[in-house]
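The structure displayed is predicted, hence computed values, not measured ones. FYI, side chains are in, hydrogens and waters are out, and symmetry mates aren't considered; it's all heavy atoms of this structure.
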Amino acid sequence: MDAKMYRHILEDSLLGTLHDHRLGPSTIIFQHDNDLKHTARLVQEWLEHQNLLVLPWPPSSPDLNIIENVWAEIKKRLETYRPRPRNTEELWRVVQKLCEGKEGS
């Protein structure tokens, strides 16, 4: 994903979600990290134009977004899970088992 695609996702998903919940851009604090696509001038200018307040993120900080750590743990467990899921339905069932702490198949 590059900055242009990220901006497109923000335009569609973020603004759409705000609209669905009857929120204005100035009523939220948006959070993302210092990934290159997040800090690209194209994205920064778009965020400013939308009047979105962005939570300052320290450079070279550890990942403070817990979901990233959760996904990393699920991915690690999936790599050793047998039998391997063959489709999205099986994958979803396995992920649910892993999240519930049921390691067996």
Visitor: Partners of Q44 by side chain to side chain donor-acceptor pair (under 3.5 Å), sequence neighbours excluded?
Guide: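 Side chain to side chain donor-acceptor pair (under 3.5 Å) list for Q44, sorted by chain: empty.
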Visitor: Sorted by first residue and then second, give each salt bridge (charged side-chain N to carboxylate O under 4.0 Å, His left out) pair with at least one member in residues 8-30; sequence neighbours left out.
Guide: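 Found R7-E11.
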Visitor: Test salt bridge (Lys or Arg N to Asp or Glu O under 4.0 Å) on K76 and E73; report intermediate values, then the result.
Guide: CA-CA 5 Å; K76 184 172 85 175; E73 182 64 26; 3.5 Å; yes
Visitor: Do I28 and L53 make a side-chain contact, defined as non-hydrogen atoms from C-beta onward lying under 4.5 Å apart?
Guide: no
Visitor: Taking all non-hydrogen atoms of both residues into account, name the closest pair between I29 and V54 and its distance.
Guide: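 Taking every non-hydrogen atom into account, CG2-C, 4.5 Å.
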Visitor: Please answer whether the main-chain N or O of V95 pairs with a side-chain N or O of R77 as donor and acceptor at a distance below 3.5 Å.
Guide: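 A pair under 3.5 Å: no.
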Visitor: In terms of hydrophobic clustering (I, L, V, M, F, W, Y; side-chain heavy atoms under 4.5 Å; direct or indirect links), are L14 and M5 co-clustered?
Guide: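 Same cluster: L14 reaches M5 through Ile, Leu, Val, Met, Phe, Trp or Tyr contacts under 4.5 Å.
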Visitor: What residues form a side-chain contact (heavy atoms from CB on, under 4.5 Å) with H21, not counting sequence neighbours?
Guide: T17, L23
Visitor: Between N34 (side chain) and P58 (backbone), is there a donor-acceptor pair under 3.5 Å?
Guide: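 Between the backbone of P58 and the side chain of N34 there is a qualifying donor-acceptor contact (under 3.5 Å).
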Visitor: Can you pull the salt bridge (charged side-chain N to carboxylate O under 4.0 Å, His left out) pairs that have at least one residue in residues 40-52, sequence neighbours excluded?
Guide: none
Visitor: With sequence neighbours left out, write down each residue that passes ring-ring contact (aromatic ring centres under 6.0 Å, His included) with H32, or none if nothing qualifies.
Guide: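 H32 satisfies ring-ring contact (aromatic ring centres under 6.0 Å, His included) with Y6, F30, H38 only.
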Visitor: Who clusters with L42? Use side-chain heavy atoms, under 4.5 angstrom, across I, L, V, M, F, W and Y, and order the result by chain and number.
Guide: none
Visitor: Look up atom CH2 in W57 and atom CG in D33, then write down how far apart they are to the nearest 0.5 Å.
Guide: 6.5 Å
Visitor: Any side-chain heavy-atom pair from L47 and V43 closer than 4.5 angstrom?
Guide: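 They are in side-chain contact.
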Visitor: Between L78 and P85, which heavy-atom pair has the shortest distance, and what is it?
Guide: CD2-CG, 4.5 Å
Visitor: Count the heavy atoms of every other residue, nucleotide or ligand shown that sit under 6.0 Å from CD of E89, and state whether that count exceeds 12.
Guide: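 Open: at most 12 neighbouring heavy atoms sit under 6.0 Å from CD of E89.
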Visitor: Sequence neighbours excluded, which residues qualify as salt bridge (Lys or Arg N to Asp or Glu O under 4.0 Å) partners of D2?
Guide: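 D2: no salt bridge (Lys or Arg N to Asp or Glu O under 4.0 Å) contacts found.
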Visitor: Would a single hydrophobic cluster contain both L10 and M1, if residues Ile, Leu, Val, Met, Phe, Trp and Tyr are joined by side-chain heavy-atom contacts under 4.5 Å?
Guide: yes
Visitor: With sequence neighbours excluded, tell me which residues meet side chain to side chain donor-acceptor pair (under 3.5 Å) with K4.
Guide: none
